[in-house]
Amino acid sequence: RFCQYNPSQEEGRSLGLSRPVTEHPDDIVEAIRIRASEVRLVEGRSDMGGFKDSENEGRIFLDLYGRIANALPYKPYLAVITQSMSRKNMQRLKDIGLNGYNLHMETWDREVFPVVVQGKAKHDSYDGWMEALDNALDTFGAGNVSIRTIGALTCIPDNGHKTWQEARDSVIEGNTWMIKRGILPCNSVLRLQPGSAYGSEENRKKSPP
C-alpha cells in the first residue's frame, strides 16, 4: 500500500507485509546508545509515515527523542519526517533537543494535493499543511525545515499532471519556492511496487518513463 494509507496488521499480512506496527522505543534507544559508543553519530532522522493522528505521532516522537537525548553523551543533529503537527508539539520537540522538521507532503502542488495524497488531505487541508510549515519555520528556523516530495507521483494516471513535463515543471517551481523561503527541498523517487495501491500492471504500462 502507499504510505499515506494506514492498514490494519491483518490487512497488511494479506498483502504480504509482515512488519508489525508496534512501538519499541527501548530497543531503538539501546541500539542507538551502543552505536554511539562505537562511532560519533552526526545526524539522526526518523520517519513515521503511517499514522494519521498527528497528536499520537507527536506523543511517540516526544517519548522517543526524549529518551534518545538522555541516552547519548553528546548531541547529533536530530530531525523528524512527519505530517502536519500543532505548533505546541513542534515547540515541545524543539525543547527536548530536536533540530529539524521535515514535512512529508509528497507533493507541494495545491491543485493535485487532494487527489494524489487523499489520506493526507483528509488528515489536514492543504492550507493546514501550509500553516504547519509556517509554524515549523517559526519554531526551528530557516535551514532546519524541509518538505518531502516524491518525484513522478503526480504522473500516476488520473492523478493530476498529464505529462512528465508538467510534473517536472511543478517540481522545479516548488523547489524554487521552498529555497527562497529557507526551506530545504527533499525529494524521493516513486516506486510502483507490485501489490501497492499504485503498483498495478495497468499503472505500470500507462506511467511515463
Side-chain angles (χ1 to χ4, degrees), residues 2-5 42-52 54 57-58 61-62 65 76-156 159-192 198 207-209:
F2 203 57
C3 61
Q4 63 158 315
Y5 179 68
V42 176
E43 182 177 332
R45 294 180 183 268
S46 297
D47 185 352
M48 199 162 295
F51 286 93
K52 292 183 181 178
S54 58
E57 186 166 307
F61 274 134
L62 282 164
Y65 277 92
Y77 185 95
L78 299 173
V80 294
I81 304 170
T82 185
Q83 53 188 321
S84 59
M85 193 178 290
S86 68
R87 181 189 287 265
K88 178 183 71 174
N89 274 346
M90 289 183 191
Q91 186 61 54
R92 291 171 68 190
L93 283 167
K94 184 179 181 182
D95 290 343
I96 64 171
L98 199 74
N99 303 99
Y101 190 89
N102 188 321
L103 205 64
H104 200 164
M105 287 187 68
E106 302 178 40
T107 176
W108 85 286
D109 194 304
R110 175 185 290 272
E111 298 302 318
V112 302
F113 177 80
V115 180
V116 176
V117 283
Q118 298 175 19
K120 292 183 185 293
K122 288 178 181 177
H123 161 71
D124 203 352
S125 68
Y126 181 89
D127 289 332
W129 285 81
M130 288 293 106
E131 181 181 352
L133 178 62
D134 288 338
N135 288 339
L137 283 169
D138 289 343
T139 303
F140 296 98
N144 294 308
V145 176
S146 58
I147 295 180
R148 170 71 64 87
T149 59
I150 299 179
L153 174 63
T154 61
C155 283
I156 295 294
N159 261 17
H161 296 127
K162 303 304 180 185
T163 67
W164 67 264
Q165 289 91 341
E166 285 182 13
R168 174 203 60 197
D169 293 346
S170 174
V171 169
I172 292 173
E173 181 183 355
N175 284 356
T176 303
W177 179 85
M178 294 177 214
I179 292 167
K180 286 181 178 179
R181 287 159 179 78
I183 303 164
L184 304 174
C186 180
N187 300 293
S188 296
V189 178
L190 176 67
R191 293 178 295 166
L192 298 178
Y198 288 155
S207 296

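Just so you know, these numbers come straight off a predicted model, no measurement behind them. The residues of the chain are indexed from 1 along the displayed sequence. Below, all heavy atoms of this structure are taken into account, side chains as well, without hydrogens, waters or symmetry copies.
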Practice item. Given side chain to side chain contact (heavy atoms under 4.5 Å, CB included), test Val117 with Trp129 step by step and report yes or no. Key: CA-CA 12 Å; Val117 283; Trp129 285 81; over 6 Å; no
Practice item. Determine, stepwise, if the pair Thr107 / Ile150 fulfils side chain to side chain contact (heavy atoms under 4.5 Å, CB included). Key: CA-CA 7 Å; Thr107 176; Ile150 299 179; over 6 Å; no
Study note, to complete from the structure: Ser170 meets the side chain to side chain contact (heavy atoms under 4.5 Å, CB included) criterion, sequence neighbours left out, with Trp108, Asp109, His161
Exercise for review: Would you confirm whether Tyr77, through its side chain, and Arg45, through its main-chain N or O, come within 3.5 Å as a donor-acceptor pair?
Suggested key: no
Study note, to complete from the structure: Of all heavy-atom pairs linking Leu137 and Gly182, the shortest is CD2-O, 4.3 Å
Check your understanding: What's the spacing between Ile183 CD1 and Ile147 CD1 if we round to 0.5 Å?
Key -> 5.0 Å
Review point. Should Pro185 and Ile179 count as side-chain neighbours, where that means a heavy-atom distance under 4.5 Å?
Key: yes
Exercise for review: Please work out whether the ring planes of Phe140 and Tyr101 are parallel, tilted or perpendicular, with thresholds of 30° and 60°.
Suggested key: parallel
Exercise for review: Check whether the side chains of Asp95 and Gln91 place a donor and an acceptor atom closer than 3.5 Å, and report yes or no.
Suggested key: yes
**Study point:** Asp127 vs Arg110 side-chain heavy atoms within contact, under 4.5 Å
**Key:** yes
**Study point:** Within-4.5 Å side-chain heavy-atom neighbours: Glu106 and Phe113
**Key:** no
Practice item. Determine the minimum heavy-atom distance between Ala121 and Pro114, stating which atoms define it. Key: CB-CA, 3.8 Å
Revision key, fill the gap. Across all chains, not counting sequence neighbours, the side chain to side chain donor-acceptor pair (under 3.5 Å) partners of Asn175 are none
Exercise for review: Name all residues meeting the side chain to side chain contact (heavy atoms under 4.5 Å, CB included) criterion together with Glu131; count only those two or more places apart in sequence or in a different chain, and write none if there are none.
Suggested key: Asn135
Exercise for review: For Met178 and Thr149, run side chain to side chain contact (heavy atoms under 4.5 Å, CB included): C-alpha distance rounded to whole Å, both residues' side-chain angles, the deciding distance at 0.1 Å, then the answer.
Suggested key: CA-CA 12 Å; Met178 294 177 214; Thr149 59; 4.2 Å; yes
Review point. Checking side chain to side chain contact (heavy atoms under 4.5 Å, CB included) for the pair Met85/Val80: CA distance, chi angles, key distance, verdict?
Key: CA-CA 11 Å; Met85 193 178 290; Val80 294; 5.8 Å; no
**Study point:** Side-chain heavy-atom pair Leu133, Arg181 within 4.5 angstrom cut-off
**Key:** no
Revision key, fill the gap. Residues Cys186 and Arg148: closest non-hydrogen pair is SG-NE, 3.0 Å
